[in-house]
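Structure first, then comments.
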Amino acid sequence: MSRRTSRKAFAVEDYDLAATLNSGQAFRWVKYGEGWTTVVEGRWVTLVQTGKGIEARVVEPVRDWGWLSDYLQADVDIDSITASFPDDEPMRAAVEACRGLRLLRQDPWECLASFILSSNKQITQIRQMVASICERFGEKVKRDDGDEAAHAFPSAERIAALSEKDLRECRLGYRAPYLLKSARMVADGAVDLSRMREMGCEAAREDLLRLPGVGRKIADCALLFAGGYQEAFPIDVWIMKALKELYFPRKRRVTPKRLQAFSATYFGPHGGYAQQYLFHYMRKRAGRA
DNA sequence: CTCCAGGCGCCTT
DNA sequence: AAGGCGCATGGA
């Protein structure tokens with residue numbers, strides 16, 4: 001371990017690190033001893049949950065930890081958010097089962113690109129595809145534990161310069177041309193992800209929907225997990241099932257459009273957060289079956 | 001073996 | 001506007 005190593009303790013309560021990093025919002029965190037590791041903002045990071053919060057370690061000296069605090073959303077008051085959820089039986093059960101689950105604030109391009117790969121795939125397979133493009137095309141990042149190197153998520157510019165064949169070799173299948181074309185549109189400025197957080201949820205969504213391979217669901221994932229728009233409510237097969245079962249149990253045909261309209265108002269200003277609780281709750285229930 | 005996966009785009013009605 | 005289908009690949 002190098003003496004340049006830098007550490008930081010984030011004092012956070014009600015923060016379940018394992019649940020948060022494994023809840024299908026980020027795909028690059030891997031178990032590392034007692035904690036977790038990945039690359040964030042070009043740095044190799046390890047995190048450990050402690051009694052007092054989260055302890056972080058990076059290789060290079062760090063003065064300002066704002067980038068990681070922001071990523072972890074360490075300053076968010078989770079109680080005020082869960083308190084804004086509708087007071088009904090399904091939400092109470094979800095909050096009870098997922099106490100400490102948080103939303104991260106991820107890099108827009110990494111988040112968007114990862115979810116372009118997510119279509120029609122299980123979370124373990126999304127992880128594999130993402131790992132594959134990072135290992136082959138991501139810049140090397142120094143680590144100090146004897147392992148060779150970690151890899152950053154490849155930039156839009158880097159992916160834009162590849163061929164469809166390069167990406168298909170990462171087993172992306174029919175998603176390869178979607179990722180390639182979207183990377184080129186982001187790289188040449190046709191869609192400006194750096195403005196996503198300022199332009200407002202609706203305008204940002206409209207922009208994202210211009211990208212090939214990005215529909216309503218994937219756009220909402222980027223808006224929620226990277227843009228900080230907590231009103232974005234991604235509806236996937238799990239949430240579809242949850243909403244039907246929990247809120248429309250005796251209706252035979254509930255259209256996605258109807259559910260989108262329902263969720264937009266029913267779950268309140270932090271609806272996307274509520275969505276993440278429902279998603280994780282459903283997956284947990286299915287997992288122990 | 002079959003079924004389906006944190007969907008999308010395109011083609012029919 | 002709404003519904004159906006193909007898509008690459010690989011867990012379960």
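Excluded from the calculations below are hydrogen atoms, water molecules and symmetry mates; all remaining heavy atoms, backbone and side chain alike, are included. First the proteins, then the strands, lettered A, B, ... as listed; each starts at 1. This one's a predicted model, so the numbers in the text were calculated from it and none came from an experiment.
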Query - Inter-nucleotide P distance (C/dA8, B/dC11), Å rounded - result: 15 Å
**Report entry** Pairwise 5' ranking along DNA chain C for A/Thr255 and A/Asn120, keeping only the more 5' one
**Finding:** A/Thr255
Requested in this report: Would you indicate, yes or no, if C/dG3 has its OP1 or OP2 atom less than 4.0 angstrom from a side-chain nitrogen or oxygen of A/Arg253?
Outcome: yes
Query - A/Ile218 CD1 - B/dG6 P separation (whole Å) - result: 12 Å
Query raised in the report: C1' atom, B/dG9 versus C/dG10: distance in rounded Å?
Result: 23 Å
Protein N or O to nucleotides 10-12 of chain C N or O, pairs below 3.5 Å:
{"from": "C/dG10", "atom 1": "OP1", "to": "A/Arg171", "atom 2": "NE", "distance (Å)": "3.4"}
{"from": "C/dG10", "atom 1": "O4'", "to": "A/Gln125", "atom 2": "NE2", "distance (Å)": "2.9"}
{"from": "C/dG11", "atom 1": "OP1", "to": "A/Gln128", "atom 2": "OE1", "distance (Å)": "3.3"}

**Report entry** B/dG6: pairing nucleotide in any strand, Watson-Crick or G-U under 3.5 angstrom
**Finding:** none
**Report entry** P atoms of C/dG4 and B/dG6, separation to the nearest Å
**Finding:** 22 Å
Query raised in the report: Relative to the ring of A/Phe233, is the ring of A/Phe267 parallel (under 30°), tilted (30 to 60°) or perpendicular (over 60°)?
Result: parallel
Between the protein and nucleotides 9-13 of chain B, which nitrogen or oxygen pairs come in under 3.5 angstrom?
{"from": "B/dG9", "atom 1": "OP1", "to": "A/Gly213", "atom 2": "N", "distance (Å)": "2.9"}

Report task. May I have the distance from A/Ile116 (atom CD1) to C/dT9 (atom P), rounded to whole angstrom? Result -> 18 Å
Query raised in the report: Within a reach of under 6.0 Å around CD of A/Glu34, are more than 12 heavy atoms found that belong to other residues, nucleotides or ligands?
Result: no
